[in-house]
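Here's the structure, in structure tokens; my notes come after.
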Amino acid sequence: MVESDDKIVPFLSYARFCFHLRVKTLMVLPPYKGAVFRGAFGNALRRLVCVAKGAPCDSCLLRQKCLYIALFEPSPPPDFLDAGKFLQAPRPYVLNPPLTTRQAFHPGETLDFELVLIGPAIDALPYFIHIFQEVGRRGLGPERGKYELVGVDHLQKGGNGETLCVFDGPSGNFNNFTLTPDSLALSGDAEVKKVTLNFLTPLRLRENGKLVTRLTSSLFFRRLAQRVSLLTAFYGEKGWGLSLTDPGTLLTKGNNLTIQDDRLRWYDWERYSQRQGDTLKFGGLQGMLSFKGRLESFLPYLRLGEYVNVGQGTTFGLGRYEINYERNPDN
């Protein structure tokens, strides 16, 4: 890494959870389920926490202390240098829906989704649990399919697949968990010569007002760095951080990456917005893409992106990817 171009990024705490659902009555969901889960959660959260029923959120006296606002309409911190440039801060959670495109689920079948909470939102986990229990009782989808929340696991970091049960549905027991610092830079990173990103959900980016249909390494890492920077600026712990080299600096100083095996394809889907009262088209790039070159300094960004996603629509699971590594054979 080029030390003179390093910057200190505030430490960003985040935690990933898996919610296990058991279907009780016929449930019919769209092929892409992120907006359905996110919308059901938002509606239930507002019903639960709103004490000024019917009052518009933008003029509510309780806005600064409202959990719904903190999760769905967060404002940039007043001490943030460029706060005036943003109407809202990025939302401090990612809801990754089930990846199956199957639409009908029958009683007794199971369905899982993942939730990533960022910074202070981690403390709101009990609200997410309670609300998804309530959504299960009310029903989800046009058939109002009911389910029970069987349990919630904390998916621990480090790539070892370890899980810790934090909530047991039948007993109602909630178990405390401890966050462990995640090392974004690992020994052996210098030997990584190729990474392949498998986009599990559509990657939706805009450039000059137009949707991107052909991805470049420069655009991808600029947008990934922007997301990381905003999340850490709004939700990071200011007292300490980690040193990262800006991807833009890296790409202009001889660390140019070569795109190989571009197997991205366009995927179209629609979602109905209750807020706008209309059906919205959401398309994006899905598939696999490989980068080859001097990757060591880019890997911390890529690893963080595995947790927080990238591009538009991250709150309902868009821009989710997994990394596969290829190292030099002599190492």
Side-chain angles (χ1 to χ4, degrees), residues 6-19 38 41 45 65-81 83 86 88-96 113-132 152-167 174-186 189 224-246 298-310 314-317 319-323:
D6 282 1
K7 61 180 179 180
I8 300 299
V9 176
F11 175 75
L12 184 68
S13 58
Y14 50 92
R16 184 165 149 246
F17 305 92
C18 184
F19 283 59
R38 200 279 300 267
F41 171 76
L45 175 65
K65 299 295 182 181
C66 177
L67 181 62
Y68 175 82
I69 294 297
L71 292 175
F72 273 79
E73 299 179 15
S75 299
D79 59 346
F80 181 60
L81 182 62
F86 301 92
Q88 290 184 356
R91 294 167 178 85
Y93 71 94
V94 173
L95 203 161
N96 289 317
F113 70 88
E114 292 186 7
L115 174 71
V116 179
L117 298 179
I118 301 166
I122 297 172
D123 292 335
L125 176 63
Y127 282 89
F128 281 86
I129 292 173
H130 174 78
I131 285 170
F132 276 111
V152 178
D153 291 335
H154 178 211
L155 304 179
Q156 300 181 73
K157 302 168 188 174
N160 52 17
E162 293 183 3
T163 63
L164 172 69
C165 178
V166 295
F167 177 74
F174 182 86
N175 301 312
N176 291 323
F177 59 94
T178 302
L179 292 179
T180 56
D182 196 19
S183 178
L184 298 174
L186 305 177
D189 279 356
L224 179 58
Q226 181 185 48
R227 176 148 173 81
V228 169
S229 298
L230 288 176
L231 287 173
T232 52
F234 295 146
Y235 305 115
E237 299 177 22
K238 304 296 193 299
W240 60 297
L242 66 157
S243 180
L244 292 178
T245 303
D246 179 74
F298 295 93
L299 293 178
Y301 285 95
L302 289 173
R303 291 190 179 111
L304 190 51
E306 268 192 305
Y307 282 96
V308 302
N309 298 17
V310 63
T314 55
T315 56
F316 44 83
R320 180 186 180 189
Y321 63 84
E322 292 179 341
I323 308 173

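The analysis underlying the following values was restricted to heavy atoms, covering all of them including side chains, and did not include hydrogens, waters or symmetry mates.
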Nearest non-hydrogen partners of [X] and [Y], listed with the distance:
X: V310; Y: Y321; result: CG1-CE2, 4.2 Å
X: P92; Y: A121; result: O-CB, 3.4 Å
X: L184; Y: R303; result: O-NH1, 2.6 Å
X: A15; Y: L179; result: CB-CD2, 3.6 Å

Roughly how far, to the nearest 0.5 Å, is the [atom2] atom of [Y] from the [atom1] atom of [X]?
X: I118; Y: Y235; atom1: CD1; atom2: OH; value: 8.0 Å
X: L95; Y: R38; atom1: CG; atom2: CZ; value: 9.0 Å
X: F72; Y: Y93; atom1: CZ; atom2: OH; value: 3.5 Å
X: L231; Y: Q226; atom1: CG; atom2: CD; value: 10.5 Å
X: T232; Y: L304; atom1: OG1; atom2: CG; value: 8.0 Å

- Task: For the pair F132 and F113, name the ring-plane relationship: parallel under 30°, tilted 30 to 60°, perpendicular over 60°.
- Result: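 Tilted: the ring planes of F132 and F113 meet at 30° to 60°.
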- Item | Heavy atoms from other residues, nucleotides or ligands near OH of Y127 exceed 12 (cutoff 6.0 Å) | no
Do the side chain of [X] and the main chain of [Y] share a donor and acceptor less than 3.5 angstrom apart?
X: E114; Y: R16; value: no
X: R320; Y: N309; value: no
X: N96; Y: V116; value: no

- Item | L67 vs L45, side chain to side chain contact (heavy atoms under 4.5 Å, CB included): CA-CA, chis, key distance, verdict | CA-CA 8 Å; L67 181 62; L45 175 65; 4.1 Å; yes
- Query: Looking at F17, F174, F167, F19, which one forms a ring pair (Phe, Tyr, Trp, His ring centres under 6.0 Å) with H154?
  - Reply: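 Of all the options given, the one that passes is F17.
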Is there side-chain contact between [X] and [Y], with at least one heavy-atom pair below 4.5 Å?
X: F128; Y: L71; answer: yes
X: I122; Y: S13; answer: yes
X: L299; Y: L186; answer: no

